[in-house]
Amino acid sequence: QVTLVESGGRLVHIGDSLNISCAFSGRIFSSFAMGWFRQAPGKEREFVAVIRGRGDYSYYSGAVKGRFTISRDNAKNTVNLQMNSLKLEDTAVYYCAASSFGNSPRRSDGYDYWGQGTQVTVSS
C-alpha cells in the first residue's frame, strides 16, 4: 500500500515563492509517475504537473507553466513542487498523486494513490 504525505503549504503573498513536498512510502518510488493536482474552493480538482518515474519528462498545465517546477528525488522518495510568482488564483489545496500506469497521466483517474493535501493560500 502506498502512502503519500504532503507538506509545506502555508500563507504567502502575491509574487512570493513556495516549495511544497510529498513523501512517498510503501512501494518502489521510481516505478510511479508523480503528479500534483489542486482544488480551489467551489471548483473541481485540476491537474498541475506530472513527472515521469525516472524524472526525465515532466509536463505542466498552462496555468502554471513557466512559474512552477516539479522535481523528484528517487533516493529520498520525495517529489517537490517549486512555485514562483504566486498569484491569488493559485490558492488551493494541493494534492500529490502516484500513478503506476507509466504514461504520465494528466487526468485524476490516471492515478492510483492520493495524499491528504496541503493548503496553499496566496494573499494580497
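Values below: every heavy atom of this structure, side chains too, minus hydrogens, waters and symmetry copies. Because the structure is a prediction, the values reported are computed rather than measured.
When the side chains of ILVMFWY residues are joined at heavy-atom separations under 4.5 Å, either directly or via intervening members, Val79 and Val93 end up in two distinct hydrophobic clusters. Note on Leu81: it clusters hydrophobically with Val12, by side-chain heavy-atom contacts below 4.5 Å among ILVMFWY residues. Hydrophobic clustering of Ile, Leu, Val, Met, Phe, Trp and Tyr side chains at less than 4.5 Å, counting indirect connections, unites Tyr57 with Phe37.
Evaluation of the salt bridge (charged side-chain N to carboxylate O under 4.0 Å, His left out) rule for Asp109 yields Arg107 as partners, not counting sequence neighbours. Under the side chain to side chain donor-acceptor pair (under 3.5 Å) criterion, Tyr59 pairs with no residue at all, not counting sequence neighbours. For Lys65, the side chain to side chain contact (heavy atoms under 4.5 Å, CB included) partners at least two apart in sequence or on another chain are Tyr60. Judged as a side chain to side chain contact (heavy atoms under 4.5 Å, CB included), and not counting sequence neighbours, the contacts of Thr3 are Val5, Ser25. Residues meeting the ring-ring contact (aromatic ring centres under 6.0 Å, His included) test with Tyr113, sequence neighbours left out: none. Partners of Phe32 according to the ring-ring contact (aromatic ring centres under 6.0 Å, His included) rule, which considers only residues two or more places apart in sequence or in another chain, are Phe24. When the salt bridge (charged side-chain N to carboxylate O under 4.0 Å, His left out) test is applied to Arg27, no partner is found at least two apart in sequence or on another chain.
Shown here for Pro105 and Ser99, the closest heavy-atom pair between the two residues is CG-OG, 3.4 Å. The minimum heavy-atom distance linking Ile70 with Met34 is given by the pair CD1-O, 3.7 Å. Closest of all the heavy-atom pairs between Tyr111 and Ala97 is CD2-CB, 3.4 Å. Nearest heavy-atom pair across Arg72 and Arg52 is NH1-O, 3.0 Å. Here the closest non-hydrogen pair linking Asp90 and Ser85 is OD2-O, 4.4 Å.
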Mind listing the side-chain donor-acceptor pairs of residues 43-51 below 3.5 Å, one per line with the distance, residues two or more places apart or on another chain?
| residue | atom | partner | partner atom | Å |
| --- | --- | --- | --- | --- |
| Glu46 | OE2 | Arg38 | NE | 2.5 |
| Glu46 | OE2 | Arg38 | NH2 | 3.1 |

List the atom pairs, donor and acceptor, that lie under 3.5 Å between side-chain atoms in residues 13-23 and the rest of the protein, sequence neighbours left out.
| residue | atom | partner | partner atom | Å |
| --- | --- | --- | --- | --- |
| Asp16 | OD2 | His13 | N | 2.9 |
| Ser17 | OG | Asn84 | OD1 | 2.9 |
| Ser21 | OG | Asn80 | OD1 | 2.5 |

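Residue pairs meeting the ring pair (Phe, Tyr, Trp, His ring centres under 6.0 Å) criterion with at least one member in residues 79-100, sequence neighbours excluded, do not occur. Residue pairs satisfying the salt bridge (charged side-chain N to carboxylate O under 4.0 Å, His left out) criterion with at least one member in residues 111-124, sequence neighbours excluded, are absent.
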Q | Criterion side-chain contact (heavy atoms from CB on, under 4.5 Å) on Gln116 and Glu6, from CA distance to verdict | A | CA-CA 7 Å; Gln116 82 290 347; Glu6 300 97 333; 2.9 Å; yes
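Hydrophobic clustering, defined by side-chain heavy atoms of Ile, Leu, Val, Met, Phe, Trp and Tyr closer than 4.5 Å, leaves Ile28 isolated from every other such residue.
Within the 4.5 Å cutoff, the side chain of Leu86 has heavy atoms near those of the Phe68 side chain.
Gln119 CD to Thr91 OG1: the interatomic distance, rounded to the nearest 0.5 Å, is 7.5 Å.
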